[in-house]
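The residues of the chain are indexed from 1 along the displayed sequence.
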Amino acid sequence: MFDELINKLKNDTYITLETTPGHSPIFSPIIETIAELGLDKLVDAFTTTDNPLAKLKYNSLFAAKMLQERFNKPVIATMSMRDRNKIALQSDLLGANEVDVRAILALTGDPASISDQPHTKGVFEADSTLLLEIISCFNSGIDYAGKPLTQKPKEIYPFAVVNSYAKNPKTLQKKMQKKIKHGALGIITQPVYDLQNAKLLLELKEAANEECCNENKSAELILGIFPITKLRTAQFLSAHVPGIDVPDAWIEALRDAHEKGAEEEYRVGFELSKNLFLELKALHPKIHLMTANQFGLAKNILTDVTH
């Protein structure tokens with residue numbers, strides 16, 4: 001399952017769909033929605049998020065196990081450095097390994113100060129490269145302290161993230177190099193909204209792969225896309241989310257459409273997003289689709305793309 005996914009990442013078309021577990025003790029309604037829409041037939045894998053924005057959600061590793069069992073598709077489970085120390089990170093990886101949750105997206109995590117849980121403190125023993133290092137140790141049969149594990153874990157497949165925009169692009173290249181050096185096989189970008197931005201990121205990835213290591217390590221870039229169907233979403237992303245650049249042309253088009261009504265606003269946003277998806281897929285068919293669990297929108301994008 002995972003070997004096939006990595007082969008598709010390196011040599012073929014690769015599309016993953018993000019799922020965000022809810023503020024609930026059950027994840028199955030999300031699974032049922034995905035099944036009803038047939039989304040499992042339109043993607044190569046899923047991802048599960050880990051308490052994004054430091055808001056309490058259902059556990060990403062359990063959600064990954066349930067998705068994999070239901071659809072027989074690999075799932076990349078996110079693990080955040082915000083909520084775990086070295087002991088908890090390793091313990092979770094050991095438990096996940098036996099049930100075949102073995103693709104891990106390493107995140108530093110959003111600050112605990114914005115959590116919906118009172119007086120929450122972030123752990124943050126290090127950034128996400130610590131988790132990449134732990135995975136490398138496990139893949140060698142030892143724990144982070146260098147002690148041999150009683151049994152070598154099944155191989156773990158590490159992924160990482162990078163911003164899609166920076167005033168100084170070289171900073172993005174350095175971040176990519178750091179994550180490649182620590183073993184990331186795939187690097188998922190924040191949402192991209194411009195073809196030229198995507199081309200620049202691919203150039204930076206190539207340079208990072210060439211300059212990073214002498215250890216024959218390399219990573220594939222996975223272009224993130226988050227469809228925008230509302231003006232306020234475009235304005236929020238542009239003004240408040242670092243590392244994302246929403247073109248002025250998108251905001252202006254959505255503003256004009258917004259004045260004509262919600263239906264026109266959605267139509268224009270969908271067309272912009274669909275066309276971008278097609279352009280990115282033609283340029284570099286390694287895509288991570290994020291829709292904040294708007295699975296109907298995800299199906300419309302993917303169906304238009306794949307048929």
Side-chain angles (χ1 to χ4, degrees), residues 13-20 22 30 33-34 36-39 42-43 47 49 52-53 55 110 114 161-169 171-172 188-204 221-307:
T13 299
Y14 167 102
I15 297 176
T16 53
L17 175 64
E18 181 179 272
T19 69
T20 299
I30 287 176
T33 299
I34 289 169
E36 288 167 12
L37 292 169
L39 280 167
L42 300 175
V43 300
T47 71
T49 60
L53 300 177
K55 304 295 191 288
D110 299 304
I114 63 173
V161 297
V162 71
N163 287 345
S164 60
Y165 172 79
K167 290 182 179 179
N168 179 5
T171 61
L172 295 179
I188 304 171
T189 75
Q190 286 268 51
V192 173
Y193 292 101
D194 176 78
L195 195 60
Q196 294 306 312
N197 185 188
K199 289 178 179 178
L200 174 60
L201 288 167
L202 288 168
E203 291 173 6
L204 295 172
L221 195 71
I222 303 158
L223 296 171
I225 180 169
F226 182 85
I228 295 176
T229 57
K230 292 182 179 179
L231 170 63
R232 68 184 184 191
T233 303
Q235 291 173 324
F236 177 82
L237 290 174
S238 180
H240 300 294
V241 182
I244 297 177
D245 181 44
V246 181
D248 291 340
W250 276 53
I251 295 173
E252 289 305 315
L254 284 163
R255 181 177 287 115
D256 291 343
H258 175 75
E259 293 174 356
K260 298 173 184 175
E263 188 174 322
E264 178 68 5
E265 183 179 16
Y266 183 92
R267 186 192 70 79
V268 167
F270 178 80
E271 286 297 316
L272 285 168
S273 300
K274 179 189 74 176
N275 290 337
L276 174 68
F277 201 120
L278 288 167
E279 289 176 342
L280 293 179
K281 190 165 181 285
L283 172 70
H284 181 72
K286 325 288 182 184
I287 306 289
H288 178 56
L289 178 60
M290 301 167 266
T291 62
N293 286 0
Q294 296 180 69
F295 294 120
L297 173 60
K299 179 170 185 180
N300 289 338
I301 292 281
L302 290 166
T303 303
D304 283 353
V305 167
T306 55
H307 295 291

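Closest heavy-atom contact between Leu297 and Pro227: CD2-CB, 3.9 Å. Here the closest heavy-atom approach between residue Glu264 and residue Ala257 is recorded as O-CB, 3.7 Å. The heavy-atom pair separating Ile30 from Gly22 by the smallest distance is CD1-N, 4.3 Å. Minimum interatomic distance between Pro52 and Asp110 (heavy atoms only, all atoms of both residues): C-OD2, 3.8 Å.
Note that the CG atom of Asn293 and the CG atom of Leu17 stand 8.5 Å from one another [nearest 0.5 Å]. Rounding to the nearest 0.5 Å gives a distance of 11.0 Å between OG1 of Thr233 and CD1 of Ile251. For the atom pair OG1 (Thr291) and CG (Leu302), the distance works out to 9.0 Å, reported to the nearest 0.5 Å. Atoms OG1 and OH, from Thr229 and Tyr266 in turn, are 6.0 Å apart once rounded to the nearest 0.5 Å. Rounding to the nearest 0.5 Å gives a distance of 8.5 Å between CE of Met290 and CD1 of Ile225. Rounding to the nearest 0.5 angstrom, the gap separating the CG atom in Leu195 from the NE2 atom in His284 is 12.5 Å.
Looking at Lys286, its side chain never comes within 3.5 Å of a backbone N or O of Ile188 through a donor-acceptor pair. With hydrogens and angles ignored, the 3.5 Å screen pairs a side-chain donor or acceptor of Thr303 with a backbone N or O of Lys299. Proximity of a side-chain donor or acceptor of Asn197 to a complementary backbone N or O of Val192 within less than 3.5 Å is not detected. Between the side chain of Thr189 and the backbone N or O of Asn163 there is no donor-acceptor pair closer than 3.5 Å.
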Item to complete: Could you walk me through whether Thr13 and Lys281 pass side-chain contact (heavy atoms from CB on, under 4.5 Å), step by step?
Response: CA-CA 8 Å; Thr13 299; Lys281 190 165 181 285; 4.0 Å; yes
Practice prompt. Check step by step if side-chain contact (heavy atoms from CB on, under 4.5 Å) holds for Val246 and Phe226.
Written response: CA-CA 11 Å; Val246 181; Phe226 182 85; over 6 Å; no
Worksheet item: Could you go step by step and tell me if Thr16 and Ile287 meet the side-chain contact (heavy atoms from CB on, under 4.5 Å) rule?
Response: CA-CA 6 Å; Thr16 53; Ile287 306 289; over 6 Å; no
Discussion item. Pair Tyr193, Leu237 - check side-chain contact (heavy atoms from CB on, under 4.5 Å), show working.
Written reply: CA-CA 11 Å; Tyr193 292 101; Leu237 290 174; 3.5 Å; yes
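Residues forming a ring pair (Phe, Tyr, Trp, His ring centres under 6.0 Å) with Phe236 (at least two apart in sequence, or on another chain): His240. Scored by the side chain to side chain donor-acceptor pair (under 3.5 Å) test, Ser164 finds no partners at all (sequence neighbours excluded). In terms of the side-chain contact (heavy atoms from CB on, under 4.5 Å) criterion, residue partners of Asn168 (sequence neighbours excluded) are, by chain and number, Lys170, Thr171. With sequence neighbours excluded, no residue satisfies salt bridge (Lys or Arg N to Asp or Glu O under 4.0 Å) with Glu203. Taking the side-chain contact (heavy atoms from CB on, under 4.5 Å) definition, one finds that Thr33 meets it with Leu37, Phe295, sequence neighbours left out.
Side-chain contact between Leu204 and Leu200: present, with at least one pair of heavy atoms (C-beta onward) separated by less than 4.5 Å. Under the 4.5 Å side-chain criterion, counting only non-hydrogen atoms from C-beta, Asp194 is not in contact with Trp250. In this structure, the side chains of Leu201 and Tyr165 stay at 4.5 Å or more apart for every pair of heavy atoms.
Evaluation of the side-chain hydrogen bond (donor to acceptor under 3.5 Å, both in side chains) test over residues 251-263, restricted to residues two or more places apart or in two chains, returns Glu252-Arg255, His258-Glu265.
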